[in-house]
Amino acid sequence: MKGNEAIAEAAIRAGVDAYYGYPITPQSEVMEYLMAERPHLRTGMVVLQAESEVASINMVYGAAGCAKKAMTSSSSPGVSLMQEGISYIAGAELPCLVVNVARGGPGLGTIQPSQADYFQATKGGGHGDYRLIVLAPNSVQEQADFVSLSFDLAFRYRTPVMILSDGALGQMMEKVELPPQRERMTAEEIEAQYGHWATLGKPASRERNIITSLKLKAEQMEAHNLHLQRKYAQIQEAETRYQSLRCDDADYVLVAYGLSSRICQKAVDLARAQGIKVGLLRPITLWPFPTAPIAELARAAKGFISVEMSAGQMVEDVRLAVNGLRPVHHFGRMGGMITSPSQVLEQIKTLFLNPQASLNGGAH
Amino acid sequence: MSASHDSDTLLLEDIIRPENLVFEKTACLTDNTLSYCPGCGHGTAHRILMEVVEEMGIQGQTIGIAPVGCSVLAYDFMNVDMQQAAHGRAPAVATGIKRVMPEKYVFTYQGDGDLAAIGTAETIHACNRGENITIIFINNGIYGMTGGQMAPTTLAGMRTSTSPFGRDTEMMGHPLRITEMVATLPGVCFATRQAVHTPAAVRKAKKAIQTAFELQRQRKGLSLVEIVSNCNSGWKMMPRKANDWMEENMFPFYPLGDIKK
Amino acid sequence: MAKARGAIVVDVEGCKGCDLCVGACPTHVIELSRKVNSKGYHFAYMEHPDACIGCAHCAMVCPDSVITVYRWKPAPKPREATTA
């Protein structure tokens, strides 16, 4: 099954109530699959092609405000258009899922895969102090699995969740074990499980519910921000996910997520075959970032390379985690070009095993 | 009612009795004091909208969407579940709600800047899809909240803070009659233009809102009720003067009445 | 013939003195007070209460919903009341 199709089928099976989207390469198969599958006949799920990404994210806002499982998917330029809506969703504390099947940028860029949206996804691409939970799958299987996980997290914390994938994972075909069908929830089940905050219509028994991100008074806005920050601290505490591969005795640690982590798995094998002790730390949540495990590795490892299909974005978080203790380098290609395992191995050798380079090897 | 009294000798206490009550504020409005300027039509529009909700008995099935603009705080005053939308996006938010809860009544309440400038795309496409929602569109020809800037609906020659010498249509384009525009779309079942400056106008406007909600109940498509209103602060006029000015200047360009029914 | 009589009650604190009710009253009952409320607005009041017919025109145009209207109607004459 294709990565994009796996997302779509997983959404139906996750009991998603609504998908609102707009076509963009390389993720158009998500909506195409949904439209062909007619999930309104299977589960009652709504699928609607909006007039723009701006409209689709605001449709998600509306449905999420009714505590419905609502999602959208897009690719980099479209996700840029959604940033306003994502900021509002974070501010109004609504649960939803945004999938970014990223492509190369900036601007219209290219339709080839890229990891250059890391900053946008993890640092708050829109305005204000907010965070998204960002999940980075590295297989078609995970793209499917993460849909349901995203909604669990989104509703647990009333916060938007992003799956940050890329054009290669979206277009890739792999075997996938699909999750079982989860029932869509009724309004009563929603209120029983998540409380009475949603706009489902005001019964006489309660005050009206209001979904808003507006606090006109500075004191109120600060209090709201402090509340959000406490929530984000909880998420950092409880939801940081990562995968560690042969890091225990590693002299050199590759840090890579998504597609790059698969390339690095192979690079680890190549290096180990040559007797070079290389490990891979793969962040699964890009936010919250696995800072503590990387800091722990920095006590024994000699150096780090952040391998990304970008000019070096996640490398900044790796450096913050390592905190000057060891050299941290970036390696990667841009604009839709993908590096190879042997190029990563060459980079390890050049950066760490070449005496000339090690003389200059600082944190750059 | 006391038959023993003659009308000329009645004391106020005899008149002000529960059995003689003919008009009071609807319970679908909250007790909060409206944040609008004195004489602003928003308040009257809020009231008749909530009166319709009360009279139809749909307070528990109604979800409103407040825009960005003066009525951003509409949820402080309307006693129904409400969502606040990003600037211009109310029809998209309404779409998102209505599609997952088609049995509810969903309305947006939007000003001219919100609906006819930044939100034109969302407006046109919600109309064109025939979303089964009601749009209440307050047109006062100016941006009120931000301090009286030119709106897409600002009349030719009209002075605003960003057209200080009057709207020059050569340079700034022409005022937009968006209700006539959307009336051409098959998804729109009802498009009307009303006002709320006189008792007669208020009655007609309320009737129009009733019609719009009734059509929503029948799932006929999108209904849009434009209310041409004043902006005393933006127009820099006393409220009664503003209403006179509105009749003389706004109504010729924005004639009242049903455009599509 | 006995005529209908009306009266209004103005929520003085909520009134913003916009004057629209004054203009809408067909029998010139309402004026703005020389006094002001706590917000500094000259609030509406019945200057000529005897003239009020309880038509509710004032309340219809009041943007702040601060006017409550009462109307007393004379009892129908007995022979009219027995028809039907």
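Protein chains get the first letters and strands the later ones, always in sequence-line order, with residue 1 at the start of each.
For the options B:His87, B:Met101, B:Gln61, heavy-atom pairs under 4.5 Å to chain A are most numerous at B:Met101. Among B:Thr95, B:Asn79, B:Thr62, B:Leu73, the residue with the largest count of heavy-atom pairs under 4.5 Å with chain A is B:Asn79. In terms of heavy-atom pairs under 4.5 angstrom with chain A, the leader among B:Gly88, B:Ala85, B:Ala126, B:Ala86 is B:Ala86. Among B:Arg99, B:Lys104, B:Lys98, the residue with the largest count of heavy-atom pairs under 4.5 Å with chain A is B:Arg99. Among A:Lys68, A:Met45, A:Glu207, the residue with the largest count of heavy-atom pairs under 4.5 Å with chain B is A:Lys68. Note on A:Asp17, A:Val46, A:Leu48: by heavy-atom pairs under 4.5 Å with chain B, the leading option is A:Leu48.
Sorted by first and then second residue, the side chain to side chain donor-acceptor pair (under 3.5 Å) pairs involving residues 47-62 of chain A (not counting sequence neighbours) are A:Glu51-B:Arg129.
In the displayed structure, A:Lys123 atom NZ is contacted under 6.0 Å by more than 12 heavy atoms of other residues, nucleotides or ligands. In this structure, A:Glu222 places its CD atom where only 12 or fewer heavy-atom neighbours from other residues, nucleotides or ligands lie under 6.0 Å away. B:Lys220 NZ: 12 or fewer foreign heavy atoms inside a 6.0 Å radius. In the displayed structure, A:Arg38 atom CZ is contacted under 6.0 Å by at most 12 heavy atoms of other residues, nucleotides or ligands. Within 6.0 Å of atom OH in A:Tyr33, more than 12 heavy atoms from other residues, nucleotides or ligands are found, so the atom counts as buried in its surroundings. With a 6.0 Å radius and a threshold of 12 heavy atoms from other residues, nucleotides or ligands, A:Asp152 has its CG atom above the threshold. Other residues, nucleotides and ligands contribute more than 12 heavy atoms inside 6.0 Å of the CD atom of B:Glu103. Counted within 6.0 Å of CD on A:Glu183, heavy atoms from surrounding residues, nucleotides or ligands total 12 or fewer; the atom is thus considered open.
For A:Ala198, the part lying under 4.5 angstrom from a heavy atom of chain B is the backbone only. Looking at A:Ala70, neither its backbone nor its side chain comes within 4.5 Å of chain B, counting heavy atoms on both sides. Of the two parts of B:Val100, the backbone and the side chain both hold a non-hydrogen atom closer than 4.5 Å to a non-hydrogen atom of chain A.
Tested against B:Tyr75, the residues A:Thr212, A:Thr199, A:Asn209 include a single side-chain hydrogen bond (donor to acceptor under 3.5 Å, both in side chains) partner, A:Thr212.
Across B:Ile97 and A:Gly62, no two heavy atoms sit closer than the pair CG1-O, 3.3 Å. The two residues A:Gly201 and B:Asp81 make their nearest non-hydrogen contact at N-OD2, 2.9 Å. Minimum interatomic distance between B:Gly96 and A:Ala63 (heavy atoms only, all atoms of both residues): O-CB, 3.5 Å.
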Margin query: With side-chain contact (heavy atoms from CB on, under 4.5 Å) as the criterion, how do B:Arg89 and A:Ile57 come out once you've worked through the C-alpha distance, each side chain's angles and the decisive distance to 0.1 Å?
Written below: CA-CA 10 Å; B:Arg89 317 299 175 220; A:Ile57 192 68; over 6 Å; no
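Side chain of A:Lys202 to main chain of B:Gln59: no donor-acceptor pair is present (N/O by atom type, distance under 3.5 Å, no hydrogens or angles).
Distance CZ/A:Arg208 to CG/B:Asp76: 6.0 Å, rounded to 0.5 Å.
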